[in-house]
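See structure below.
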Amino acid sequence: MLVESDIEHMTVAERFQAMEVIWGSLLKSPEEVSSPPWHGDVLSKRLAKVEAGQGKFLTLEELKGRLGLPRS
């Protein structure tokens, strides 16, 4: 069994690779993966804003800046 201490000893690249493997396995059985109800609530509110012309969108560069990531 995988424990948190195993993950802490992995490099960042290894952690991302592990996440990709886990995500791939989840995609094989999407019927077993359900989103919590609040996800639908958030999406409904965001769609309503867009439909009302009040949606605000960021460029990829703006998002990177907001997250403190290097810009291209």
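When a residue number appears, it is its place in the shown sequence, counting from 1.
- For the pair R15 (side chain) and M10 (backbone), a donor-acceptor distance under 3.5 Å is present.
- Under a 3.5 Å cut-off, the side chain of T59 and the backbone N or O of E62 do form a donor-acceptor pair.
- Cluster note: M19 groups with V12, F16 through ILVMFWY side-chain heavy atoms spaced under 4.5 Å, whether in direct contact or through intervening members.
- A donor-acceptor pair is defined here as one N or O able to donate and one able to accept, closer than 3.5 Å; such a pair exists between the side chain of E14 and the backbone of T11.
- As a member of the Ile/Leu/Val/Met/Phe/Trp/Tyr network built from side-chain separations under 4.5 Å, L26 groups with I22, W23, L27, V33.
- Through direct or indirect side-chain contacts shorter than 4.5 Å among Ile, Leu, Val, Met, Phe, Trp and Tyr, L67 is connected to L58, L63, L69.
- Take E61 and apply the side chain to side chain donor-acceptor pair (under 3.5 Å) test, not counting sequence neighbours, and it matches S72.
- Atom CZ of R71 sits in a crowded spot, with more than 12 heavy atoms from other residues, nucleotides or ligands closer than 6.0 Å.
- Legend: residues meeting side chain to side chain contact (heavy atoms under 4.5 Å, CB included) with L2, ordered by chain and number and at least two apart, are D6, I7.
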Side-chain donor-acceptor pairs under 3.5 Å in residues 38-52, sequence neighbours left out?
from	atom 1	to	atom 2	distance (Å)
S44	OG	G40	O	3.0

